[in-house]
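These notes are about the structure you will find just below.
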Number of protein chains: 2
Amino acid sequence: MTEPQWLNAEEADVWAKYRRLRRDLHKAQEQQLLRDSGLSAADYALLAPLSEAPEGLLRARDLGAEVDWERSRLSHQVSRMEKRGLVAREACADDARGSMVRLTPAGRKAIEEAAPRHAQTVRRLFFDPLDAEEVRLLGQFLDRILAAVEAEAGESL
Amino acid sequence: MTEPQWLNAEEADVWAKYRRLRRDLHKAQEQQLLRDSGLSAADYALLAPLSEAPEGLLRARDLGAEVDWERSRLSHQVSRMEKRGLVAREACADDARGSMVRLTPAGRKAIEEAAPRHAQTVRRLFFDPLDAEEVRLLGQFLDRILAAVEAEAGESL
DNA sequence: ATCATTTCGGTGACATGTCAACAATATGGT
DNA sequence: ACCATATTGTTGACATGTCACCGAAATGAT
């Protein structure tokens with residue numbers, strides 16, 4: 001009996017490290033983005049798939065699928081970015097319910113300036129501390145933990 | 001020349017997995033907490049150190065240090081939790097600037113009911129998919145990445 | 001003792017994220 | 001064609017998080 005319900009000392013330590021990394025890495029990236037490009041993480045998340053789409057144009061539904069965001073979240077964020085001139089909304093020809101989101105020239109300029117430095121930051125902070133074999137292992141660990149999380153999420157559908 | 005500026009295919013894959021894990025694990029935990037205990041992640045973050053403090057009483061400054069939150073964030077969250085009866089503010093005897101935060105009986109009940117299931121969820125999702133050696137390795141990886149992140153953060157001080 | 005500086009907590013404005021509800025439109029079964 | 005249902009996007013209310021600033025009080029240098 002006595003399922004191992006609580007975490008042992010090493011697990012508690014690793015869990016604390018994960019939470020700290022989660023927070024501090026995200027904060028470091030947001031600050032780097034904002035400082036270098038004036039973009040927020042939410043801005044970047046939407047600009048990246050838009051910049052890879054033909055003509056920088058995506059239907060809101062498809063942009064939402066790319067980033068896996070809820071519709072309301074996407075709508076709010078697009079509204080904020082529209083105000084700042086990073087994107088523009090257009091009508092959807094195929095479907096009168098739909099809404100197209102187009103990257104403006106200013107938005108294209110912002111993402112193209114931001115992307116290299118963003119990638120450099122990811123490399124320097126996340127990958128440089130590990131060698132190739134360790135990256136491979138970490139990928140395996142993430143796969144397995146993700147599978148457990150997705151299985152849990154799947155139950156409630 | 002040509003510093004490895006962009007991520008290679010495996011790195012991009014691992015990075016995408018990390019971001020997905022980051023988001024989905026956090027969401028799974030928040031939902032479990034809210035469903036089982038009516039607490040948000042922010043509630044839990046403050047209730048945990050309070051429940052371990054003598055008399056469930058901590059000075060705001062020290063509570064903030066425990067969770068490493070900014071003062072304004074802590075103040076906002078304590079205000080919201082005060083409204084819901086989870087904690088109560090008191091004057092600080094030593095320092096007239098200070099403010100004490102005390103766990104109410106309702107707050108103690110909430111955290112004590114939430115904690116075991118929270119720990120179970122962490123174990124099931126994060127640690128059960130890994131064996132002991134893998135947990136040890138993951139801890140090493142996190143240590144090294146964290147060191148890189150903290151070094152970066154330290155530069156701007 | 002005096003006064004600049006620091007610490008402490010709080011507030012308001014705003015950005016972000018979630019939820020419930022809504023209106024308009026599309027879709028599919030009959 | 002008709003109508004129940006699903007999809008799409010938006011909105012408003014609210015929780016959360018960040019930032020700049022403030023006022024009060026403690027601290028430290030002189």
Side-chain angles (χ1 to χ4, degrees), chain A residues 19 22-24 26-35 38-47 58-84 86-102 153 156, chain B residues 19 22-24 26-35 38-47 58-84 86-102 153 156:
Chain A
R19 283 181 302 166
R22 181 193 147 79
R23 196 188 54 175
D24 292 351
H26 193 247
K27 178 175 291 191
Q29 288 188 286
E30 278 193 328
Q31 287 181 346
Q32 176 266 319
L33 255 182
L34 188 63
R35 177 166 26 86
L39 296 177
S40 70
D43 297 334
Y44 191 90
L46 296 194
L47 292 178
L58 277 177
R59 184 166 173 179
R61 180 188 49 181
D62 302 326
L63 177 55
E66 286 284 338
V67 294
D68 195 14
W69 282 11
E70 302 185 5
R71 287 188 307 250
S72 79
R73 181 182 178 186
L74 180 66
S75 180
H76 283 306
Q77 184 63 27
V78 168
S79 295
R80 287 188 292 261
M81 291 170 72
E82 205 176 13
K83 272 187 203 160
R84 290 186 292 137
L86 296 170
V87 299
R89 278 192 173 95
E90 298 179 6
C92 179
D94 317 1
D95 187 333
R97 295 168 303 178
S99 170
M100 308 294 294
V101 182
R102 184 189 293 277
S156 54
Chain B
R19 282 181 302 163
R22 181 193 147 81
R23 196 187 55 174
D24 292 351
H26 193 249
K27 178 175 290 192
Q29 290 189 285
E30 277 193 329
Q31 288 180 347
Q32 175 268 319
L33 254 183
L34 189 62
R35 178 166 26 85
L39 296 177
S40 70
D43 296 334
Y44 190 90
L46 296 194
L47 292 178
L58 277 177
R59 186 165 171 178
R61 179 188 49 183
D62 302 326
L63 176 56
E66 286 284 339
V67 294
D68 196 13
W69 282 10
E70 301 185 6
R71 283 180 308 210
S72 79
R73 181 181 178 188
L74 180 65
S75 180
H76 283 307
Q77 183 63 27
V78 168
S79 295
R80 288 188 292 261
M81 292 170 70
E82 204 176 13
K83 274 186 201 160
R84 291 186 291 138
L86 295 171
V87 299
R89 278 193 172 96
E90 299 179 7
C92 179
D94 316 2
D95 187 333
R97 295 168 303 180
S99 169
M100 308 293 295
V101 182
R102 184 188 293 275
S156 54

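Note on naming: letters A, B, ... go to the chains in the order of the sequence lines (proteins, then strands), and numbering restarts at 1 for each one.
When the P atom of D:dT8 is taken as reference, atom CG of A:Leu74 falls 12 Å away, rounded to whole Å. To the nearest angstrom, C1' of D:dC19 lies 17 Å from CZ of A:Arg35. Taking atom CD of residue B:Glu82 and atom P of nucleotide D:dA15, one finds them 15 Å apart after rounding to whole Å. Atom CG of A:Leu63 is separated from atom P of D:dT8 by 14 Å (rounded to the nearest Å). Remark: P of D:dA15 and CE of B:Met81 are 14 Å apart, rounded to the nearest angstrom. Per the geometry, CG belonging to A:Asp68 stands 15 Å off C1' belonging to C:dT18, to the nearest Å. One interatomic measurement links the two molecules: CZ of A:Arg73 to P of D:dG9, which rounds to 17 Å at whole-angstrom precision. When the P atom of C:dC19 is taken as reference, atom CG of B:Leu34 falls 8 Å away, rounded to whole Å.
A:Arg23 comes within contact range of no nucleotide atom at all, as no heavy-atom separation falls under 4.0 Å. Contacts of A:Arg59 with the nucleic acid, taken as non-hydrogen atoms under 4.0 Å apart, involve only primed sugar atoms and P, OP1 or OP2. Here A:Arg61 lies in heavy-atom contact (under 4.0 Å) with sugar-phosphate atoms only. Across all strands shown, B:Arg84 has no heavy atoms under 4.0 Å from either base or sugar-phosphate atoms.
Among residues two or more places apart in sequence or in another chain, the side chain to side chain contact (heavy atoms under 4.5 Å, CB included) test is passed with A:Ala45 by A:Trp69. Annotation: salt bridge (Lys or Arg N to Asp or Glu O under 4.0 Å) contacts of B:Arg23 (sequence neighbours excluded): A:Asp68. Residues that satisfy the side chain to side chain contact (heavy atoms under 4.5 Å, CB included) test with A:Arg89, not counting sequence neighbours, are A:Ser75, A:Val78, A:Ser79, A:Glu82, A:Ser99. Remark: B:Arg59 pairs with B:Asp95 by the salt bridge (Lys or Arg N to Asp or Glu O under 4.0 Å) rule, at least two apart or across chains.
Between B:Ser40 and B:Leu33 the shortest heavy-atom distance is O-CD1, 4.0 Å. The shortest heavy-atom contact between A:Val87 and A:Leu47 is CG1-CD2, 4.2 Å.
B:Gln32 and B:Arg35 are not linked by any side-chain donor-acceptor pair at a separation below 3.5 angstrom, with hydrogens and angles left out of the test.
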(message) Test side chain to side chain contact (heavy atoms under 4.5 Å, CB included) on B:Asp43 and B:Gln77; report intermediate values, then the result.
(response) CA-CA 8 Å; B:Asp43 296 334; B:Gln77 183 63 27; 2.9 Å; yes

(message) Between B:His26 and B:Arg22, does the side chain to side chain contact (heavy atoms under 4.5 Å, CB included) criterion hold? Intermediate values first, please.
(response) CA-CA 6 Å; B:His26 193 249; B:Arg22 181 193 147 81; over 6 Å; no

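The stretch residues 92-102 of chain A comes close to DNA chain C through A:Asp95, A:Ala96, A:Arg97, each having a heavy atom under 4.0 Å from the strand.
Note on A:Gln77: a side-chain N or O is less than 4.0 Å away from OP1 or OP2 of C:dT16. For A:Arg80 and C:dT16, the shortest distance from a side-chain N or O to OP1 or OP2 is below 4.0 Å. OP1 and OP2 of D:dT8 both lie 4.0 Å or more from every side-chain N or O belonging to A:Arg71.
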Can you name the atoms? Protein N/O to nucleotides 12-14 of chain D N/O, anything below 3.5 Å, with the distance.
| unit_1 | atom_1 | unit_2 | atom_2 | d |
| --- | --- | --- | --- | --- |
| D:dG12 | O6 | A:His76 | NE2 | 2.9 |

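Summary of the strand contacts: A:Asp43 and A:Glu70 both lie near DNA chain C, and taking for each the nucleotide with the nearest heavy atom, the more 5' one is attributed to A:Asp43.
Closest contact between the side chain of A:Arg89 and the listed nucleotides C:dG17, D:dT10, C:dG10 involves D:dT10. Listed candidates were C:dT16, D:dT18, C:dG9. Nearest to the side chain of B:Ala60 is C:dG9.
To the nearest 0.5 angstrom, A:Met81 atom CE is 7.5 Å from A:Leu39 atom CG.
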